[in-house]
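Here the structure is a predicted model, which means the values were calculated and not measured. So you know, we letter chains A, B, ... as the sequences are listed, proteins then strands, and number each from 1.
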Amino acid sequence: MPTRSSEPLPASFYARPVLEVAPELLGCTVQHGATAGVIVETEAYHEQEPACHAHVGLTPRTRVLFGAPGTAYVYRSYGIHALLNAVCEDEGVGAAVLIRALRPIAGFEQMRERRAAGGARTLRDRDLCSGPGRLTQALGVQMTENGTSLVDGPVLVLPREAPTEQVVVSERIGITKAAELPWRFSVAGEENVSRPWPWRSPRSGTRRTRAGETT
DNA sequence: CATGGGATTGACT
DNA sequence: GTCAATCCCATGC
C-alpha cells in the first residue's frame, strides 16, 4: 500500500499543448491501487495529424479524446491490449499522450500475477511494464477506466519527485500515418522501455540508439 | 448489417 | 525475421 507522497497532477497540467505535456510526464508516477510505476516513455497525438484517433472527428469512440484534460482515454488495440492515454489541451480539442512504458516501483507481485495471467512468460522487473499493453495489464487498467479522471482516480498520475531527466526524442512506434513526426519521448539510458522491433538499422549492424536530441 | 484495420504482444522459424 | 490472437468501432453498402 504505497503512501501517496503528493497530490495528483491537476487538470491544468494537461490543459496545455500536447507536445509540452508529453515530455513532462516522464518521471511522473502512474498509480492504480497498490501498483505503481514511473513513466519512462510517452508519445503525443493530436487531432490535426492522421495517426490520432481524433483525426476522424467526434465519434462515440473519440468522445473522450475531445473531453476534459486530465481524463484517461483507454482503448483496445489489436483486439487484445488496453492502451492508456492522458487527454490533453482544452475541452473540444482532440489530443492525448500515450503512456508507453513504466519503471515499476510498487506492487511487483501483483504485477507479476496479472502479467502471468495474461500469458507473459518473462516476468523480470523490466518486462512488467515495458510496453503500452504490458503496463495496463500489470496495473490492471481496463476499458472500464476509459473516461475516468487521472486527477480523482481510480487511476492517478502523481508529479515527479526528481527534477528533469535526460529526455530523448524519436519517431513514434507502430504507426503508418504521420510516422515521421518526432513525437516520442523517453529517458536516456532507461531500460524499461518498449522495443516492438529493433530500432531501424539500414542494412547490417544493430543500432542501439536512435534518437534526435534532448531538451 | 458486413467488413476491415489497427498507437501490440508473445511464440515460433 | 514472420505470424496469429481477438475486440472495438469507422466506414460503406
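- Ion pairing between A/Arg112 and A/Asp125 holds under the 4.0 Å rule for side-chain N and carboxylate O.
- Within the 4.5 Å cutoff, side-chain heavy atoms of A/Trp183 are placed close to those of A/Leu19.
- Put simply, the side chain of A/Thr136 does not reach to within 4.5 Å of the side chain of A/Val74, judged on heavy atoms.
- With hydrogens and angles disregarded, a donor-acceptor distance shorter than 3.5 Å links the side chain of A/His55 to the backbone of A/Glu47.
- Between A/Arg115 and B/dT9, a side-chain N or O to OP1/OP2 separation shorter than 4.0 Å is absent.
- Expressed to the nearest 0.5 Å, how far CG of A/Leu135 lies from CG of A/Asn192 amounts to 11.0 Å.
- Neither OP1 nor OP2 of B/dT8 sits under 4.0 Å from any side-chain N or O of A/Arg76.
- With rounding to whole Å, A/Arg114 atom CZ is found 17 Å from B/dT9 atom P.
- Residues meeting the side chain to side chain donor-acceptor pair (under 3.5 Å) test with A/Glu145, sequence neighbours left out: none.
- Remark: A/Arg16 qualifies as a cation-pi partner of A/Phe13 under the 6.0 Å distance and 45° angle criteria applied to the six-membered ring.
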Strictly under 3.5 Å: I want the nitrogen or oxygen pairs between protein and nucleotides 3-6 of chain C, one per line.
unit_1: C/dT6; atom_1: O2; unit_2: A/Tyr78; atom_2: O; d: 2.6

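- Under the 4.5 Å side-chain criterion, counting only non-hydrogen atoms from C-beta, A/Glu89 is in contact with A/Pro17.
- Under a cutoff of 6.0 Å and an axis angle of 45°, A/Arg172 and A/Tyr45 form a cation-pi pair.
- DNA chain B lies under 4.0 Å from at least one heavy atom of each of the following residues of residues 133-145 of chain A: A/Gly133, A/Arg134.
- Salt bridge A/Arg184/A/Glu41: present, at least one basic N to carboxylate O contact under 4.0 Å.
- A/Leu65 places its CG atom 12 Å from the P atom of C/dC9, with the value rounded to the nearest Å.
- Among the atoms of the strands shown, none is found under 4.0 Å from any heavy atom of A/Arg63.
- Between A/Asp127 atom CG and B/dT8 atom C1' the separation is 15 Å, expressed in whole Å.
- At least one side-chain heavy atom of A/Val157 sits less than 4.5 Å from a side-chain heavy atom of A/Tyr14.
- Taking atom CG on A/Asn85 and atom P on B/dT8, their separation rounds to 11 Å, with Å as the unit.
- Distance A/Ile175 CD1 to B/dG5 P: 18 Å, rounded to the nearest Å.
- The shortest distance between side-chain heavy atoms of A/Val151 and A/Leu156 does not fall below 4.5 Å.
- If you measure from atom CG of A/Leu83 to atom P of B/dT9, you get 7 Å, rounded to the nearest angstrom.
- For A/Arg172 and B/dA7, the CZ to C1' distance is 8 Å, given to the nearest whole Å.
- The side-chain heavy atoms of A/Gln31 and A/Leu139, taken from C-beta on, include no pair separated by under 4.5 Å.
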Contacts under 3.5 Å, N or O only, protein and nucleotides 11-13 of chain B:
unit_1: B/dA11; atom_1: OP1; unit_2: A/Arg121; atom_2: NE; d: 3.0

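- One interatomic measurement links the two molecules: CD of A/Glu41 to C1' of B/dA7, which rounds to 11 Å at whole-angstrom precision.
- A heavy-atom distance below 4.5 Å is found between the side chains of A/Val30 and A/Leu84.
- When base pairs are accepted only as Watson-Crick or G-U wobble with both N-N or N-O distances under 3.5 Å, DNA chain B takes part in stems of 3 or more pairs at B:1-6 with C:7-12, B:8-12 with C:1-5.
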Polar pairs (N or O, both sides) under 3.5 Å between protein and nucleotides 10-13 of chain C?
unit_1: C/dA10; atom_1: OP1; unit_2: A/Thr59; atom_2: OG1; d: 2.6
unit_1: C/dA10; atom_1: OP1; unit_2: A/Arg61; atom_2: N; d: 3.1

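- Counting heavy atoms from C-beta on, the side chains of A/Cys28 and A/Pro159 never come closer than 4.5 Å.
- A/Ser130 and A/Arg134 share a donor-acceptor pair across their side chains, judged by distance under 3.5 Å alone.
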